[in-house]
Amino acid sequence: MTPAASTGPIGPGPTVNPATQPITSATDQRATAETATDAAATAAVAGPPLLRPGDRVTIVSPAGPCSAELLEAGTAWLRTWGLDVRLAPNVLDTHPSLPYLAGHDADRAKSFEQAWLDPSVDGVLCARGGYGSMRMVDLVDWPAVAAHRKVFVGSSDITALHERFWHHGTPTWFGPMIGTRAFVEDVAARDLLHRALFTGVQSYAGVGMAPGTVRGVAVGGNLSLLDAPPPDGAIVLLEDVNEEPYRLDHRLTRMLRSGWFDPVAGLVLGSWTGCGDASPVLADRLGGLGVPIVADVDFGHCEAQLTVPLGVSVEIDGASGVVTVLG
């Protein structure tokens, strides 16, 4: 039987006296290089933090509402990993007049920020994507958030938060979310997330699309959610779901015309589930950039999706299709 949803501890665990808690979390203590002046370089050197059995994680809903049943099943799986699981106060909320949102923007931002700044919490995991992250992202105190290094996991609409994280030099994980079928029912995706969060990721692979070898900081996420231009020399990861090829063309063309891709040193293309045959559009719009490209990597909205790090230094080989994580 899976545990009932609540805002307190899930399952057995030690009683916590806030007054006796350390002022930094375990992952804060394990993180390094936070004082570097170049935030992106800091992330590239330090890499994303990892979890250990006994660590505490909080589940948040920055975007759309999630299923109580799926969330219950997802948190049960996290408990089997030895994690102390908490739920943010609004994790099962629904906005009173906008039912596609998990409560009010200010409440979602506050829950995310409080979870991140809680010194007893080692990781913040998203329950679901959907829509809504871009509505609350500007309400977060990002300098305060960026002062701490913790595990962060999310994908799809959560790209809006990943974008802010990597612009502040904080590495994150792009992977399946706890209150979704992609985590609860996809055994391979769940196992890959567990492996990434507890042991890290050294490399992953796809198919070579444009030859060349280059190193840079991995950024990106869901194509439709990307906004601010990437840092100079970035390796951009892209994926999307349920967008017709002409809509992908439209989005990529707008980004090309605005100069969004000018700083990019290389591309890693993930899944395009529900997008028809996206390959001709991607080749037409991105092939002229003259940068190495790795395609058909299993991250994004696909079965057995990989969990991949963002905000870390990687090397891509556009001939072999291999992405090596360096930092």
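- Note: F112 and W142 meet the aromatic proximity criterion, with ring centroids under 6.0 Å apart.
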Which pairs would a plain distance check flag for residues 128-137, meaning a side-chain donor or acceptor within less than 3.5 Å of a matching protein atom at least two apart in sequence or in another chain?
residue : atom : partner : partner atom : Å
R128    : NH1  : P65     : O            : 2.8
S133    : OG   : D157    : O            : 3.4
S133    : OG   : D157    : OD2          : 2.8
R135    : NE   : D105    : OD1          : 3.1
R135    : NE   : D105    : OD2          : 3.1
R135    : NH2  : D105    : OD2          : 3.0

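- Considering only residues two or more places apart in sequence or on other chains, S111 meets the side chain to side chain donor-acceptor pair (under 3.5 Å) condition with N90.
- Between the T172 side chain and the H162 main chain, no donor and acceptor come within less than 3.5 Å of each other.
- Taking both residues in full, the closest heavy atoms of L83 and R52 are given as CD2-O, 3.8 Å, listed atom of the first, atom of the second, then distance.
- Judged as a salt bridge (Lys or Arg N to Asp or Glu O under 4.0 Å), the pairs with a partner in residues 160-186 (not counting sequence neighbours) are, in order, D138-R164, R181-E185.
- By the ring pair (Phe, Tyr, Trp, His ring centres under 6.0 Å) test, H95 is found to be paired with H104, residues two or more places apart in sequence or in another chain being considered.
- Judged by distance alone, the side chain of W260 and the main-chain N or O of A228 form a donor-acceptor pair under 3.5 Å.
- Checked against ring pair (Phe, Tyr, Trp, His ring centres under 6.0 Å), W272 has no partners two or more places apart in sequence or in another chain.
- For H194, the ring pair (Phe, Tyr, Trp, His ring centres under 6.0 Å) partners at least two apart in sequence or on another chain are W81, F198.
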Using residues 276-297 as the side-chain source, report each donor-acceptor pair under 3.5 Å to any protein atom, sequence neighbours left out, with the distance given to one decimal.
residue : atom : partner : partner atom : Å
D277    : OD1  : S279    : N            : 3.2
R285    : NH1  : T253    : OG1          : 3.2

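- L161 is not connected to L101 by any chain of hydrophobic side-chain contacts under 4.5 Å among Ile, Leu, Val, Met, Phe, Trp and Tyr, and they are in different clusters.
- Evaluation of the side chain to side chain donor-acceptor pair (under 3.5 Å) rule for E243 yields R247 as partners, not counting sequence neighbours.
- A side chain to side chain donor-acceptor pair (under 3.5 Å) check over residues 207-218, counting only residues at least two apart or in different chains, returns the pairs R215-E315.
- Applying the side chain to side chain contact (heavy atoms under 4.5 Å, CB included) criterion to V184, with sequence neighbours excluded, gives L70, A73.
- Here the side chain of S271 pairs no donor or acceptor atom with the backbone of T273 at under 3.5 angstrom.
- Checked against side chain to side chain donor-acceptor pair (under 3.5 Å), S224 has the following partners two or more places apart in sequence or in another chain: D240.
- The salt bridge (Lys or Arg N to Asp or Glu O under 4.0 Å) pairs that include a residue from residues 267-276 number zero, where partners must be two or more places apart or lie in different chains.
- Of the options V268, L269, T307, a side chain to side chain contact (heavy atoms under 4.5 Å, CB included) to F299 is made by V268 and by none of the others.
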